[in-house]
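Remember, predicted model here, so these are calculated numbers, not experimental data. Just the heavy atoms: all of them, side chains too, but no hydrogens, waters or symmetry mates, feed the values below.
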Amino acid sequence: MTNGKDTGYTLPGRAESYWLATTPESNYPFLSGDISVDVAIIGGGIVGITSAFLLKQAGVSVAVIEADRIIKGTTGYTTAKITSQHNLIYDRLISQVGRGPAKQYAESNQEAIDRIEYIVRSWNISCDFEHKPAYVYAGSEDSAQKILDEVRAARSLGLPATFESSLPLPFDTYGAVRFNRQAQFHPRKYLCALARELEGDSCYIFEKTRALGIEGGEPVVIKTDRGTVRAGDAIQATNYPIFDKPGELFKRLTQSMSYVLGVRIEETFPDGMFINAEEPIRSLRSQPAEGGELVLAVGEGHPTGHGNPTHEHYRQLEDWAKSIYNVRSIDYRWLTEDVISEDGVPLIGRLTPDSGHSYLATGFRKWGMTTGTAAAIILTDTILGRDNPWTEVYEPSRSRQGSEFVVREDLPEVEPDQGSLIEKGEDKVAVYRDPQGALYTLNPACRHMGCPVSWNDADKTWDCHCHGSRYNARGEVIQSPAVYGLLEKKVKEQDRQR
């Protein structure tokens, strides 16, 4: 198959996800008429199936409504890493949302790994589940400091992070974050097994049934092209929300495409899952397969609707794979679309504060195996009236200050180990440059009551004159009443020095 008249490039491999190619398609019935259940779930991916499974285990009647076949959307096109290591995130999270919410994020994703393993072991699910270390590596010397910062941040949150000076990869690296006891699996084998546990006892899966609208209240009413579902609670688990009554979520979410090649190589792939710290993203993991090990080479991400022609992304990924390994064959190719929130943290919980019975989960930023499982745990606890310790960081109606982008060239020079409050029109930026030259740009609004902080040159701190809160130079709380750190004021990535 060729991609175009002028390129002369033949797209490699079979145009199908390996996960879909190696499992039978499901064949659940469509909805016929009206039905009532305790909880209705729109979407049959990892969030929808796991939520339904957990709710049924708690004695709740559930209906999963899927427009096509279950586990064929984003979940069917994942790279299936089960990890709390989501590239370089924890140093940023601590600065952006504070140590408390960052710890919630870390703990919820670690729990997701444990929960998946518990389900696999308890229900004896054959899904290629296997523990693997996960690495984020510096592909250039410029990224080396980021790796050290991430190791410190992750360890401070209790994560199993260590620094590795070298990796068993066929190219130069400049240090890596290693997370131990992470995992990988075959997501469709796992979720199809969960789906088989759902049917019966007033629990249902309806395929080829498209939700057309949700009316809130008690009960929640979901109108479909096949009938009406009434439920005490409803969950949108459709990757990108299809119903947004306030009209605000769509402004806070973007979609991103990524590309995957399933390749066979002459070499033995090393033990681990690997991703780089730079752009363009390059990710590698192996998968046991019939005929020998399959290596998933992933990358070439770009916003949906932008980027180069599709064949160019596949060609660049193919060229990269062949530059580092002796490639025997390329057996599969696929692309996937992921949703990313404006602050990089998923939205999990009630659609709005007054949406008492309508919930959603979205914005997994390409790490849906763990964040999707964490979402299922959080939503199950909330619906059952149980306290969950991780809700704050994922709250959909949260307000994240400091999400504006600052252009690097607009910032004046700041001397090493000095801070300055910079005014750009009506906008303000708290800027600090550490002794090594790394630049920190922060929102100067105190996290207590929003008063502006000022730079204390003697103590190298940011101080709030209103109520006495103090932060260190990087924006971390050192004196209450504030309990969260100053939020990051983002600098365009291509201009960042951190």
Side-chain angles (χ1 to χ4, degrees), residues 15 17 19 43 45-47 72-89 92-93 96 105 109 134 136 139 187 236-242 244 248-262 273-285 296-318 320 332-348 360-372 374-375 394 396 400 403-405 488 490-496:
S17 155
W19 318 122
I46 190 165
V47 177
K72 281 191 66 176
T74 299
T75 301
Y77 293 85
T78 177
T79 50
K81 296 179 180 179
I82 309 171
T83 176
S84 58
Q85 184 196 70
H86 299 168
N87 210 307
L88 300 181
I89 187 174
R92 176 179 66 82
L93 274 182
Q96 180 177 316
Y105 187 97
N109 283 281
V136 181
Q236 286 192 70
T238 53
N239 190 39
Y240 198 95
I242 57 177
D244 178 15
E248 293 297 322
L249 287 178
F250 296 157
K251 302 175 185 178
R252 300 168 56 193
L253 300 169
T254 57
Q255 300 215 58
S256 176
M257 307 295 296
S258 296
Y259 299 77
V260 186
L261 295 178
M273 305 176 290
F274 305 87
I275 189 169
N276 65 333
E278 301 82 22
E279 295 287 346
I281 290 295
R282 294 284 187 261
S283 171
L284 292 164
R285 64 152 286 198
L296 305 185
V298 188
E300 290 297 308
H302 62 81
T304 300
H306 299 274
N308 297 321
T310 298
H311 71 273
E312 292 188 17
H313 292 290
Y314 277 123
R315 176 161 54 187
Q316 290 168 8
L317 196 57
E318 179 181 1
W320 175 69
Y332 300 93
R333 73 173 188 273
W334 69 89
L335 58 83
T336 187
E337 190 171 44
D338 294 276
V339 180
I340 302 173
S341 72
E342 62 184 348
D343 61 6
V345 176
L347 311 180
I348 302 168
L360 86 161
T362 186
F364 299 134
R365 201 175 63 92
K366 306 179 189 290
W367 301 100
M369 296 301 96
T370 45
T371 52
Y394 298 112
R400 297 280 199 241
S403 62
E404 308 90 339
F405 281 87
E488 180 185 17
K490 294 182 181 177
V491 176
K492 284 187 177 179
E493 283 298 322
Q494 61 266 32
D495 299 318
R496 296 197 66 149

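With hydrogens and angles disregarded, a donor-acceptor distance shorter than 3.5 Å links the side chain of W334 to the backbone of Y77. Of the possible donor and acceptor atoms, one in the side chain of R252 sits under 3.5 Å from a partner among the backbone N and O of P396.
Contact annotation: the side chain of L88 approaches that of V136 to within less than 4.5 Å [non-hydrogen atoms, C-beta and beyond]. Put simply, the side chain of I89 reaches to within 4.5 Å of the side chain of R365, judged on heavy atoms. Inter-residue side-chain proximity for V345 and Y394 is flagged as met; some heavy-atom pair is nearer than 4.5 Å. Residues Y105 and H86 form a side-chain contact, since some pair of their non-hydrogen atoms from C-beta on lies under 4.5 Å apart. For the pair T79/V260, a side-chain contact is recorded, criterion being any heavy-atom separation below 4.5 Å from C-beta on.
The heavy-atom pair separating P187 from M369 by the smallest distance is CB-SD, 4.2 Å. Minimum heavy-atom separation, S341 to D343: OG-OD1, 3.0 Å. Between S283 and K81, the shortest heavy-atom distance links the atoms OG-NZ, 2.6 Å. The two residues G76 and S17 come nearest to each other via the heavy atoms O-OG, 2.6 Å. When all heavy atoms are compared, the tightest approach of R333 to A15 is NH2-CB, 3.5 Å.
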side-chain contact (heavy atoms from CB on, under 4.5 Å) between I340 and L253, intermediate numbers included
CA-CA 6 Å; I340 302 173; L253 300 169; over 6 Å; no
- When you look at Q236 and T362, which way does the side-chain contact (heavy atoms from CB on, under 4.5 Å) test go after all the steps? CA-CA 8 Å; Q236 286 192 70; T362 186; over 6 Å; no
- Task: Using the side-chain contact (heavy atoms from CB on, under 4.5 Å) rule, take W19 and T78 through it: C-alpha gap first, then chi angles, then the decisive distance, then the call.
- Result: CA-CA 9 Å; W19 318 122; T78 177; 4.1 Å; yes
Item checked: side-chain contact (heavy atoms from CB on, under 4.5 Å) assessment of D338 paired with M257 -> CA-CA 7 Å; D338 294 276; M257 307 295 296; over 6 Å; no
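Considering only residues two or more places apart in sequence or on other chains, A237 meets the side chain to side chain contact (heavy atoms under 4.5 Å, CB included) condition with I41, V47, I235. In terms of the side-chain hydrogen bond (donor to acceptor under 3.5 Å, both in side chains) criterion, residue partners of K366 (sequence neighbours excluded) are, by chain and number, S256, S258. In terms of the side-chain hydrogen bond (donor to acceptor under 3.5 Å, both in side chains) criterion, residue partners of S84 (sequence neighbours excluded) are, by chain and number, Q110, Q182. Considering only residues two or more places apart in sequence or on other chains, Y259 meets the ring-ring contact (aromatic ring centres under 6.0 Å, His included) condition with H302, H313, Y314. Shown here are the side-chain hydrogen bond (donor to acceptor under 3.5 Å, both in side chains) partners of N239, two or more places apart in sequence or in another chain: T74. For Q255, there are no side-chain hydrogen bond (donor to acceptor under 3.5 Å, both in side chains) partners at least two apart in sequence or on another chain.
For E300 and R282, the salt-bridge test passes: some basic side-chain N is under 4.0 Å from an acidic carboxylate O.
Here the OG1-NZ distance, from T75 to K72, works out to 13.5 Å after rounding to the nearest 0.5 Å. To the nearest 0.5 Å, the span separating CG on N87 from CD1 on I275 amounts to 4.5 Å.
Remark: of the listed residues T371, T83, T370, T370 is the sole one forming a side chain to side chain donor-acceptor pair (under 3.5 Å) with N109.
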